[in-house]
Amino acid sequence: MAKKNIFTDAFGTPYFLKRLIIFILGFVSYRRFNGFNKLKITGTEHLVDLPDSNVLFVSNHQTYFADVAAMYHAFCAVNNGYLDTIKNPIYLLNPKIDFYYVAAEETMNKGILPKIFKVAGAVTVKRTWRAEGKNVNRMVDMSEVDNIMKALDNGWVATFPQGTTAAFAQGRRGTAKLVKNQRPIVIPIKINGFRRAFDKKGLRVKVTGVKPTMEFKAPLEIDYDNENAHEILLKIMTAIEQTEDFNLLHNYDEELKAKKLEKKDSEN
């Protein structure tokens, strides 16, 4: 697989260009996370001693771009010794440049701004189950899997196992299979409040005064030799708190149905 060098990343993007884009986007987005809204970051102590490559971050997803932008801020801050805070944006002058994120190809090709985001570190994939608002059923493009593995071989990668911003959506087994085959260090991220603070794209501030949260959890303990993809996926979805056990509204609805049935049975 291709390797980065002192001038370019693993995909041939010049580092000076990535630094420039990350700085500009970070500068523009800074007030969204430490001005209009106050992003609370916890758990960054888990990032301090990580290796430079083969680290996979798995996260729930609430907006197209604000989630990833916040990760860039957190990683750049940690890269400069700032833990659990983004209050000193000087970290943007020395960004974490070998960071990549998995994104839907159709999302990253719509408009000039997403294309700029793409240069910063997107590894694009075609959804195998949905495209352009319609359900599809297509095979996984193995070249895309190779690109994700290339990114892992050369840096940190963030992926969203649900492949959608919908809460409590089903996790995709492709993530678990990648983990099983590549054996990376897996760091779960739990985010909250982004959906309330920003629009769906994550480009516009929807509500001010919100305190979105981003929690980095300890690396998952995975038995790569004995756990199968299903077990790994369940472990991931539990860590990012996206299983039905965490869906309080779903649990409330189920309890309400049970009470109605119990009342109906007692009346009969």
Side-chain angles (χ1 to χ4, degrees), residues 26 29-30 32-51 55-89 91 95-96 99-103 121 156-169 171-172 175-176 179 184-198 200 202 205-207 209-222 232-251:
S29 64
Y30 181 71
R32 298 167 185 264
F33 301 115
N34 197 39
F36 300 119
N37 297 296
K38 297 289 187 180
L39 175 65
K40 181 181 179 181
I41 303 173
T42 57
T44 53
E45 69 272 10
H46 299 304
L47 312 184
V48 174
D49 296 321
L50 291 176
V55 178
L56 182 69
F57 294 88
V58 291
S59 177
N60 61 315
H61 203 18
Q62 294 193 343
T63 71
Y64 291 166
F65 300 112
D67 308 8
V68 172
M71 289 180 194
Y72 268 106
H73 278 282
F75 293 147
C76 292
V78 172
N79 195 49
N80 289 273
Y82 301 107
L83 301 184
D84 291 350
T85 182
I86 59 169
K87 289 183 178 180
N88 192 346
Y91 56 73
K96 176 72 176 176
F99 167 60
Y100 307 89
Y101 60 96
V102 180
W156 293 0
V157 177
T159 188
F160 305 93
Q162 293 163 291
T164 175
T165 57
F168 303 104
R172 300 293 164 180
T175 299
V179 169
I185 295 173
V186 180
I187 306 289
I189 304 176
K190 172 64 172 68
I191 66 170
N192 196 23
F194 285 75
R195 186 178 287 111
R196 182 165 179 261
F198 307 102
K200 187 173 183 179
V205 176
K206 187 167 63 176
V207 180
V210 179
K211 295 183 179 180
T213 61
M214 176 170 286
E215 177 187 0
F216 294 91
K217 298 188 178 183
L220 289 181
E221 294 183 5
I222 300 174
I232 293 173
L233 181 60
L234 178 59
K235 188 170 288 188
I236 289 172
M237 298 302 291
T238 301
I240 64 175
E241 301 181 20
Q242 288 297 297
T243 64
E244 285 298 342
D245 292 338
F246 293 96
N247 189 346
L248 299 180
L249 183 60
H250 171 80
N251 292 340

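Computed over heavy atoms, backbone and side chain alike; hydrogens, waters and symmetry mates excluded.
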Closest non-hydrogen atom pair between I240 and Q162, with its separation: CD1-OE1, 4.4 Å
Considering all heavy atoms of both residues, which atom of F246 and which atom of Q242 are nearest to each other, and what is their separation? CD1-N, 4.2 Å
All heavy atoms of Q62 vs all of I191, minimum pair found to be NE2-O, 3.7 Å
Side-chain heavy atoms of P51 within contact of I185, under 4.5 Å: yes
With a 3.5 Å distance limit and no angle check, can you tell me whether D67 reaches the backbone of T63 through a side-chain donor-acceptor pair? yes
Would you call the rings of Y101 and Y72 parallel, tilted or perpendicular if under 30° counts as parallel and over 60° as perpendicular? perpendicular
Taking NZ in K217 as the centre, count heavy atoms belonging to other residues, nucleotides or ligands within less than 6.0 Å. Is the count above 12? yes
Paired with T238, the side chain to side chain contact (heavy atoms under 4.5 Å, CB included) test is passed by just one of D245, L220, T243, namely T243
Residues D84, T44; criterion side-chain hydrogen bond (donor to acceptor under 3.5 Å, both in side chains); working and verdict: CA-CA 6 Å; D84 291 350; T44 53; 2.6 Å; yes
What is the ring orientation for F33 with F194, classed by angle as parallel under 30°, tilted 30 to 60°, or perpendicular over 60°? tilted
For T175 against P161, the heavy-atom pair lying closest together: OG1-CA, 3.7 Å
Over 60° means perpendicular and under 30° means parallel, so classify the ring planes of F57 and F99, tilted if in between. perpendicular
